[in-house]
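Got a structure for you, written out below as structure tokens; questions coming shortly.
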Amino acid sequence: MSPDAFAVQFLNGLASASTLFLIAVGLSLIFGVTRIVNFAHGSFYMLGIFVAYSLVTRIGDSPFGFWVSMLLAALVVAIVGLLVELVLLRRIYQAPELFQLLATFAVVLIVRDATLAIWGPEDLLGPRAPGLKGSVDILGRQFPTYDLVLICIGPAVLAALWFVLTRTRFGVLIRAATQDRDMVGALGVNQAWLFSGVFALGAFLAALGGALQLPREPANLGIDLVAIGEAFVVVVVGGMGSIPGAFLAAFIIAEIKAMCFAIGQTTLFGVSFSFSKLTLVVEFLVMAAVLIWRPWGLMGRPGAATRNAAEIEVPLKPADARTRKLGWVVLIALVLLPLVGTAFPYTIVLSIDILVAVLFATSLHFIMGPGGMHSFGHAAYFGLGAYGAGLLVKQLGWPMEGALAAAPVAAAVGALIFGWFCVRLSGVYLAMLTLAFAQIVWSIAFQWDELTGGSNGIVGLWPAEWLSEKWAYYYLTLTLTVAGVLLLWRVLLAPFGYALRAGRDSPLRADAIGIDVFHTQWMGFVLAGAVCGVAGGLFAFSKGSIAPEAISVGRSIDGLVMVLLGGIQTLSGPVVGAALFTWLQDLIAREFQYWRAALGFTILVLVLAFPLGVAGSIKRLFVKEVA
């Protein structure tokens, strides 16, 4: 690369780093004070760019009007964030952290459709910044003047935050709450308003980052999940709660992406590499490397990444006589379903989808609930099973039966490798490392055109002839789903399951009595991955194809929603949650134009009405009635 090209790409990286920092620092502040993993943070970024578009097109003809529009857009979104905190999050601060995550995911769905209703589905390209439309000459190459301004904004915001945190009472309270928020409350500080102020500040910074991107990229409805993914990466790489760490991580990730794009295609040892393709996943590669080398982030505190004891839950018990009878009734109904479903073919198709979702969610619950290992990337093993089976059929000519049998093996191998790194961490760090590995798997599937078909995926994956009828494939899916669920339940009620829960509740005590916590959790991780691979294989042959969209981060999030919706403290929770979520998603999507918002409101109602999940709340109500 020539020196002039290197200089321009380096400056491009600095401009992108400013935006990354603005998104990530707000998320870091919110998490540090409220301990909420806020999935809706990317929605605030998206709202910022859309609101800025509306304001700039009306009052942004002059430089003064443009910059006022940027600040007003961020202020409007900050008010929206404040309302979200006051109306929703303040009601669930005492709920388990994962249910807070579920609530913020519902906000993502609502904001996405609200944005669609107000601004429409088309991308909106804003005008160039008045007075900054030109470019400057740098080593013989033209560089946008506006990007030079962006480069200065990041350090300016960092300096402003440093002043607020070190020279104002509000900043002192933020730093104190980050260290020990219970002590802050004991000293008489109104925690509720402190949380509200920090949440509004975080939303303001995210929206400002979005608004400032308007002259560089169009406003579109897909940038919320992209933004939250990048923000999580920056926060984790820099160190949770570290503002300088967020700035350093944003700089490193943005520059690496810029350099990969600049290098483009190159040849090493006779093999051609396309470094520009790495821009889709390079931040996750960086995050995985940092978490493996330094689990608490570049500038985080080591204590934040230690494996702390999880909240001790009610011990799992075998189903009583009444529950077993109910289970038999449900199973008999499922066996008889095709007799009714022949008149309604779509019923069988939807039932297959529900059964696949049940198997996926139950395998995720196995490591999240009893295992205490929160995963944001369980779709990786779903994808390994699906693509593994698909490639055996298309590339090696295997029969469908053999390929489906190999699906859990492919997923288990991936879980064996990834799990060895993941189970060494805990909390958000473990969750983010699972996300990094999942995105790496997705990137390979999306970009390896010669093997996986790239964005088109693998097509023509139809069941064997004896399974060509939908009812026959339904029975195969039902059999494997019931077998997988019962296997995981049986393991949880065996000595291995007790050892797994002991490592979750008190790893130090478990280690003291001779339990190898690391290997127990590792093997649990592998077992969950293998069962998830079965779900992936069943999905591929039920749809006749598998594409990268089916294994994206959205599927991992769907799995989280299923588990939390049903209840993480019960064996039946993921079964109920998966069935309810899949059915609601299908029903609402067919009946409502803005189905995401309707689904989001439904999830919020269920979260508020059933704080322990649907199955968990029903179980507690039943126990009280019996008592």
Side-chain angles (χ1 to χ4, degrees), residues 19 22-31 33-34 36-60 67-93 100-121 124 126 157 170 192-214 219-228 230-232 594 596-605 607-608:
T19 302
L22 287 174
I23 307 171
V25 72
L27 181 64
S28 185
L29 285 170
I30 291 173
F31 180 84
V33 174
T34 68
I36 287 181
V37 181
N38 180 27
F39 262 134
H41 201 69
S43 299
F44 299 145
Y45 173 85
M46 180 180 70
L47 279 178
I49 192 169
F50 273 99
V51 174
Y53 173 85
S54 295
L55 293 175
V56 166
T57 53
R58 287 170 173 79
I59 63 174
W67 293 107
V68 168
S69 299
M70 298 293 104
L71 294 175
L72 282 178
L75 183 60
V76 168
V77 178
I79 295 173
V80 172
L82 180 61
L83 292 175
V84 169
E85 196 277 338
L86 291 174
V87 174
L88 173 61
L89 296 181
R90 186 170 290 190
R91 298 173 181 270
I92 59 173
Y93 275 132
Q100 298 168 356
L101 182 150
L102 180 57
T104 60
F105 172 72
V107 173
V108 172
L109 297 176
I110 295 170
V111 172
R112 173 77 70 89
D113 267 6
T115 305
L116 173 62
I118 297 172
W119 286 281
L124 303 176
V157 171
F170 180 62
W193 287 111
L194 177 62
F195 288 2
S196 299
V198 170
F199 201 89
L201 176 60
F204 177 89
L205 292 170
L208 181 61
L212 292 173
Q213 285 296 102
L214 183 62
N220 66 82
L221 295 172
I223 60 176
D224 51 354
L225 290 182
V226 174
I228 189 59
E230 292 181 340
F232 273 135
Y594 300 110
R596 292 184 183 85
L599 181 62
F601 279 116
T602 303
I603 291 174
L604 285 181
V605 170
V607 167
L608 296 175

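Predicted, not measured: the structure shown is a model, and the values here were computed from it.
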Tell me, do Phe232 and His41 make a side-chain contact under 4.5 Å, heavy atoms counted?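 With C-beta onward as the side chain, the pair stays apart.
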From CZ (Phe50) to CD1 (Ile118), nearest 0.5 Å: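 Reported to 0.5 Å precision, the distance equals 10.0 Å.
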Show the nearest heavy-atom pair for residues Leu22 and Gly209, with the distance to one decimal.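 Of all heavy-atom pairs spanning Leu22 and Gly209, the closest is CD1-CA, 3.7 Å.
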Sub-4.5 Å side-chain heavy-atom contact between Leu109 and Tyr594: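 A side-chain contact is absent here, since even the closest heavy-atom pair is not under 4.5 Å.
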Check for a donor-acceptor pair, side chain of Thr104 on one end and backbone N or O of Asn38 on the other, with a separation under 3.5 Å.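 Checked: no pair found.
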When rounded to the nearest 0.5 angstrom, what distance separates CG in Leu27 from CD in Glu230?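 Reported value, rounded in 0.5 Å steps: 12.5 Å.
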Nearest 0.5 Å, what's the CG-CG distance between Leu83 and Leu89?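 Answer rounded to 0.5 Å: 11.5 Å.
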Beyond-backbone contact of Arg90 with Phe195, side-chain heavy atoms, under 4.5 angstrom: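 No, side chains not in contact.
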Return the minimal non-hydrogen interatomic distance between Ala211 and Ala52, and the atom names on each side.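 What the structure gives for the nearest pair is CB-CB, 3.6 Å.
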Are any of the side-chain heavy atoms of Phe601 and Val605 separated by less than 4.5 Å?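 A side-chain contact is absent here, since even the closest heavy-atom pair is not under 4.5 Å.
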Looking at Ile110, Thr115, Leu116, which one forms a side-chain contact (heavy atoms from CB on, under 4.5 Å) with Asp113?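 That would be Leu116.
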Distance in Å, Ile223 CD1 paired with Ile49 CD1, rounded so as to fall on 0.5 Å steps: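 The CD1 atom of Ile223 sits 4.5 Å away from the CD1 atom of Ile49.
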Any side-chain heavy-atom pair of Leu72 and Ile59 under 4.5 Å: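 Yes - at least one pair of side-chain heavy atoms lies under 4.5 Å apart.
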For the atom pair CD1 (Ile23) and OG1 (Thr19), what is the distance rounded to the nearest 0.5 Å?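 Here the rounded value is 6.5 Å.
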Once rounded to the nearest 0.5 Å, what's the spacing between atom CG of Leu55 and atom CG of Leu71?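 Output value for this atom pair is 10.5 Å.
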Which pair of non-hydrogen atoms, one from Tyr53 and one from Gly126, has the smallest distance, and what is that distance?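 Heavy atoms only, the tightest pair is CD1-CA, 4.0 Å.
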Evaluate the side chain to side chain contact (heavy atoms under 4.5 Å, CB included) criterion for residues Met46 and Asn220: first the C-alpha distance (whole Å), next the side-chain angles of each, then the deciding distance (0.1 Å), finally the verdict. CA-CA 8 Å; Met46 180 180 70; Asn220 66 82; over 6 Å; no
What is the minimum heavy-atom distance between Ala227 and Tyr45, and which atoms define it?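 In this case the closest contact between Ala227 and Tyr45 is CB-CD2, 3.5 Å.
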Please find the pair of heavy atoms, one from Ala78 and one from Ala200, that lie closest to each other, and give the distance.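 Heavy atoms only, the tightest pair is CB-O, 3.6 Å.
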Results of side chain to side chain donor-acceptor pair (under 3.5 Å) for Ser54 - residues two or more places apart only: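 Checked Ser54 against side chain to side chain donor-acceptor pair (under 3.5 Å); matches are Trp119.
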Hey, does Phe170 have a side-chain heavy atom less than 4.5 Å from the side chain of Val198?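 Yes, close enough: below the 4.5 Å cut-off.
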Under the side chain to side chain contact (heavy atoms under 4.5 Å, CB included) test, residues paired with Arg112 that sit two or more places apart: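 Leu221, Asp224, Leu225, Arg596.
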I need the minimum non-hydrogen distance between Ser196 and Leu86, along with the two atoms involved.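 It is OG-CD2, 3.6 Å.
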